[in-house]
Amino acid sequence: PDKDNADIKLVTTEDKYLITNHLHLLMTQMEPCRFTEEDRSGGRSKIKTNQIGYPGIQCTHCSGKAGFGRYFPTSAHSLTLANSDRNIYNHMMKCRRCPEDVKIELNNQREQ
């Protein structure tokens, strides 16, 4: 994990009133990260041109190990697209380190 961002939260309790419960729970499973040389390889073929240090978000449970669970949106608008939520949700469902109770709650909220 990026030690410099350890205390930075992507969403706060106050944000619960501005976004859906599902999105809030998803975002509490993520933390800030920075693009590294290692991010150029693997399944991230679309972002190989990012600068080292480019801001992104990663799974708090696995810290984006094995090349998954790290996202580097190119704009604020790209974060609003449905596939961003879906990609993070799909990662959480597959992440071996994500607690089972979180997966169950995410699944229940998604079905509402």
Query - Y54 side-chain N/O to P73 backbone N/O, donor-acceptor pair under 3.5 Å - result: yes
Query raised in the report: Sequence neighbours excluded, which residues qualify as side-chain hydrogen bond (donor to acceptor under 3.5 Å, both in side chains) partners of N108?
Result: none
Query raised in the report: Do R70 side-chain atoms and R34 backbone N/O form a donor-acceptor pair below 3.5 Å?
Result: yes
Report task. Not counting sequence neighbours, which residues clear side-chain contact (heavy atoms from CB on, under 4.5 Å) with S75? List them please. Result -> H77, S78
Query raised in the report: Distance from Y17 atom OH to H24 atom NE2, nearest 0.5 Å?
Result: 9.5 Å
Report summary line: side-chain contact (heavy atoms from CB on, under 4.5 Å) filter on E37, not counting sequence neighbours, yields R40, I52
**Report entry** Partner set under side-chain contact (heavy atoms from CB on, under 4.5 Å) for N21, not counting sequence neighbours
**Finding:** Q109
Report summary line: Only residue of K16, K9, E14 satisfying side chain to side chain donor-acceptor pair (under 3.5 Å) with T12 is E14
Report task. Look up atom CE in M92 and atom CG in L25, then write down how far apart they are to the nearest 0.5 Å. Result -> 9.0 Å
**Report entry** Partner residues of E100 under the side-chain hydrogen bond (donor to acceptor under 3.5 Å, both in side chains) criterion, sequence neighbours left out
**Finding:** none
Requested in this report: Please list, chain by chain and in numerical order, all residues satisfying ring pair (Phe, Tyr, Trp, His ring centres under 6.0 Å) with H22, sequence neighbours excluded.
Outcome: Y89
Requested in this report: Please collect all ring pair (Phe, Tyr, Trp, His ring centres under 6.0 Å) contacts where either partner lies in residues 91-112, sequence neighbours excluded, each pair once.
Outcome: none
Query raised in the report: Below 4.5 Å, heavy atoms only, C-beta onward: do C33 and Y71 meet side chain to side chain?
Result: no
Query raised in the report: Who passes side-chain hydrogen bond (donor to acceptor under 3.5 Å, both in side chains) against T20, sequence neighbours left out?
Result: none
Query - T60: partners by side-chain contact (heavy atoms from CB on, under 4.5 Å), with sequence neighbours left out - result: E31
